[in-house]
Amino acid sequence: MQTQDTYLTGPQVCERYGISQMSLHRWLKEPDLAFPKPMKVRRRRYFREADLIEWERRQAGRAA
């Protein structure tokens, strides 16, 4: 059985984390944060939800 990837737009990612577009931009530019890079389609950014979930797990591990 094949699973389908789910993608979130930049505004959806901002809503998910309660941040502004500028904060998302900064997160993407900060190498130490290692925030997942988006796929770009027609000048829009799409983030793979599985990558975001993995990033969240790594962040939780760092906080523990």
Side-chain angles (χ1 to χ4, degrees):
M1 183 171 141
Q2 187 177 14
T3 60
Q4 184 176 1
D5 285 338
T6 302
Y7 290 87
L8 291 109
T9 63
Q12 289 173 318
V13 171
C14 289
E15 185 176 324
R16 180 183 185 114
Y17 298 112
I19 61 172
S20 67
Q21 287 284 342
M22 182 54 76
S23 291
L24 179 58
H25 174 76
R26 289 181 185 128
W27 285 15
L28 289 167
K29 297 291 182 191
E30 178 58 49
D32 291 340
L33 191 56
F35 194 75
K37 300 295 182 213
M39 170 179 68
K40 292 187 180 177
V41 177
R42 294 187 181 197
R43 301 176 68 192
R44 291 185 183 222
R45 297 179 295 191
Y46 294 92
F47 296 81
R48 192 168 157 255
E49 188 174 34
D51 293 342
L52 296 172
I53 291 169
E54 179 59 32
W55 179 80
E56 291 166 2
R57 287 185 182 137
R58 286 195 314 266
Q59 294 304 307
R62 288 175 65 184

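Note that the coordinates shown come from a computational prediction; the quantities given were computed from them, not determined experimentally.
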(message) Are there over 12 heavy-atom neighbours, none belonging to Arg57, within less than 6.0 Å of that residue's CZ?
(response) no
(message) Determine whether Val41 and Tyr7 satisfy the following criterion, side-chain contact (heavy atoms from CB on, under 4.5 Å), listing intermediate values before the conclusion.
(response) CA-CA 12 Å; Val41 177; Tyr7 290 87; over 6 Å; no
(request) Measure the spacing between CZ of Arg48 and OG1 of Thr6 and express it to the nearest 0.5 Å. (result) 9.5 Å
(message) Let me check something: do Leu52 and Met39 share a hydrophobic cluster, defined by ILVMFWY side-chain heavy atoms less than 4.5 Å apart, either directly or through other members?
(response) no
(request) Kindly state each residue pair satisfying side-chain hydrogen bond (donor to acceptor under 3.5 Å, both in side chains) with at least one member in residues 10-22, sequence neighbours excluded. (result) Thr9-Gln12, Arg16-Glu49, Arg16-Glu56, Tyr17-Glu56, Ser20-Ser23, Gln21-Arg45
(message) Restricting to non-hydrogen atoms, name the atom on Gln59 and the atom on Leu33 that form the minimum distance, rounded to 0.1 Å.
(response) NE2-O, 3.7 Å
(request) Write out all pairs satisfying side-chain hydrogen bond (donor to acceptor under 3.5 Å, both in side chains) with one or both partners inside residues 27-39, taking only residues at least two apart or from two chains. (result) none
(message) Let me check something: do Trp55 and Ile19 share a hydrophobic cluster, defined by ILVMFWY side-chain heavy atoms less than 4.5 Å apart, either directly or through other members?
(response) yes
(message) Do Phe35 and Tyr46 land in one hydrophobic cluster if side-chain heavy atoms of ILVMFWY residues count as linked below 4.5 Å?
(response) no
(message) Please give me the minimum heavy-atom distance between Leu28 and Pro38, naming the atom from each residue.
(response) CD2-CD, 3.8 Å
(message) Rounded at 0.5 Å granularity, tell me how far CG in Leu24 sits from CZ in Phe47.
(response) 4.5 Å
